[in-house]
Amino acid sequence: SQQGEEDPQALSIQEGENATMNCSYKTSINNLQWYRQNSGRGLVHLILIRSNEREKHSGRLRVTLDTSKKSSSLLITASRAADTASYFCATDGNDYKLSFGAGTTVTVRA
Amino acid sequence: NAGVTQTPKFQVLKTGQSMTLQCAQDMNHEYMSWYRQDPGMGLRLIHYSVGAGITDQGEVPNGYNVSRSTTEDFPLRLLSAAPSQTSVYFCASSYRGQTNTGELFFGEGSRLTVL
């Protein structure tokens, strides 16, 4: 069964707006990761946040982690057309089984 | 830099046929894995390996075999293809941690249709 669940399933925003998506999970983790997948392509790693971290930034990406609520959020600021993709959270426990959610599909309108 | 290379990119099989999906990485990663991606279900782990000579089952291993004779290669074998195995298959690798997977590097996928 999948550990992470993303919300919303789909998101449509105007270029320049911010996009926020959330991930909830069920069991304890070593770290949580976010990936992007463009249509027809493989997944690309975006950011990894460890269980003892609360917030992490990478360029226009901001990730938060709340282990007490077993949830994470990914914020993309000042979105661009190139940000149109599916975004997946993945939970990394201490078992070598990185578990992915079903993803959030983001469409950025020009 | 090649990264993770999967072949073939597309394949059509008939029910009952067998085939092997190839995966090779040139990053000297200890950890390799196979996922399948189906619409609305995200990625599900089929099999994984933490090093040469070591393999283990993931979430959906039935109908698939793997082996890891070298660090670079991790082929996935479909023993007797079924329509339920129609999917997109992804190979991924990483520098693993002591007990965790770490950041995965993915191939571009192999799209399999079983008629």
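Atoms considered below: every heavy atom in the structure, side chains included; atoms not considered: hydrogens, waters and symmetry mates. Each chain gets a letter, A, B and so on, in the order its sequence line appears, and its residues count up from 1.
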Q: Do you know which two heavy atoms are closest between B/Gln37 and A/Phe88, and how far apart they sit?
A: NE2-CZ, 3.5 Å
Q: State yes or no: do A/Ile29 and A/Tyr87 share one hydrophobic cluster built from I, L, V, M, F, W and Y residues joined by side-chain heavy-atom distances below 4.5 Å, directly or via other members?
A: yes
Q: Check whether any side-chain heavy atom of B/Tyr35 sits under 4.5 Å from a side-chain heavy atom of A/Leu98, and report yes or no.
A: yes
Q: Are more than 12 heavy atoms from other residues, nucleotides or ligands located less than 6.0 Å from atom CZ of B/Arg77?
A: yes
Q: Below 4.5 Å, heavy atoms only, C-beta onward: do B/Glu59 and A/Lys97 meet side chain to side chain?
A: no
Q: Quick check: are there more than 12 heavy atoms from other residues, nucleotides or ligands sitting under 6.0 Å from CZ of A/Arg109?
A: yes
Q: Let's test your reading of the structure: which of B/Ser33, B/Gly102, B/Ala92, B/Gly58 forms the most heavy-atom pairs below 4.5 Å with chain A?
A: B/Gly102
Q: Spell out, as yes or no, whether a donor-acceptor pair under 3.5 Å connects the side chain of A/Tyr96 to the backbone of B/Ser49.
A: no
Q: Under a 4.5 Å heavy-atom cut-off, does chain A meet the side chain of B/Phe105, its backbone, both or neither?
A: neither
Q: In terms of hydrophobic clustering (I, L, V, M, F, W, Y; side-chain heavy atoms under 4.5 Å; direct or indirect links), are B/Leu112 and B/Leu115 co-clustered?
A: no
Q: When hydrophobic residues are tied together by side-chain contacts of less than 4.5 Å, even through go-betweens, does A/Met21 share a cluster with A/Tyr25?
A: yes
Q: If you draw a 6.0 Å radius around CZ in A/Arg50, do more than 12 non-hydrogen atoms from other residues or ligands fall strictly inside?
A: no
Q: Do the side chain of B/Arg111 and the main chain of A/Gly40 share a donor and acceptor less than 3.5 angstrom apart?
A: yes
Q: Is chain B contacted by the side chain of A/Asp95, its backbone, both, or neither, given a heavy-atom distance below 4.5 Å?
A: backbone
Q: Roughly how far apart are A/His45 NE2 and B/Phe106 CZ, rounded to 0.5 Å?
A: 10.0 Å
Q: Between B/Phe74 and B/Leu76, is there a shared hydrophobic cluster once you connect ILVMFWY residues whose side-chain heavy atoms come closer than 4.5 Å?
A: yes
Q: State the CD-CZ distance between A/Gln37 and B/Phe90, to the nearest 0.5 angstrom.
A: 5.0 Å
Q: Does B/Trp34 share a hydrophobic cluster with B/Leu78, counting links as ILVMFWY side-chain heavy atoms below 4.5 Å and allowing steps through other members?
A: yes
Q: Looking at every heavy atom in both A/Gln33 and B/Glu103, which two are closest together, and how far apart are they?
A: OE1-CA, 3.6 Å
Q: Does either side chain, that of B/Asn100 or that of A/Asn94, offer a donor lying less than 3.5 Å from an acceptor on the other one?
A: no
Q: From A/Asn30 CG over to B/Thr101 OG1, what is the distance, rounded to the nearest 0.5 angstrom?
A: 9.0 Å
Q: Would the number of heavy atoms belonging to other residues, nucleotides or ligands and lying under 6.0 Å from CD of A/Gln9 be above 12?
A: no
Q: How many angstroms lie between atom CG of A/Asp92 and atom CZ of B/Arg96, to the nearest 0.5 angstrom?
A: 12.5 Å
Q: Check each atom of B/Leu45 against the heavy atoms of chain A and say whether the ones under 4.5 Å are side chain, backbone, both or neither.
A: side chain
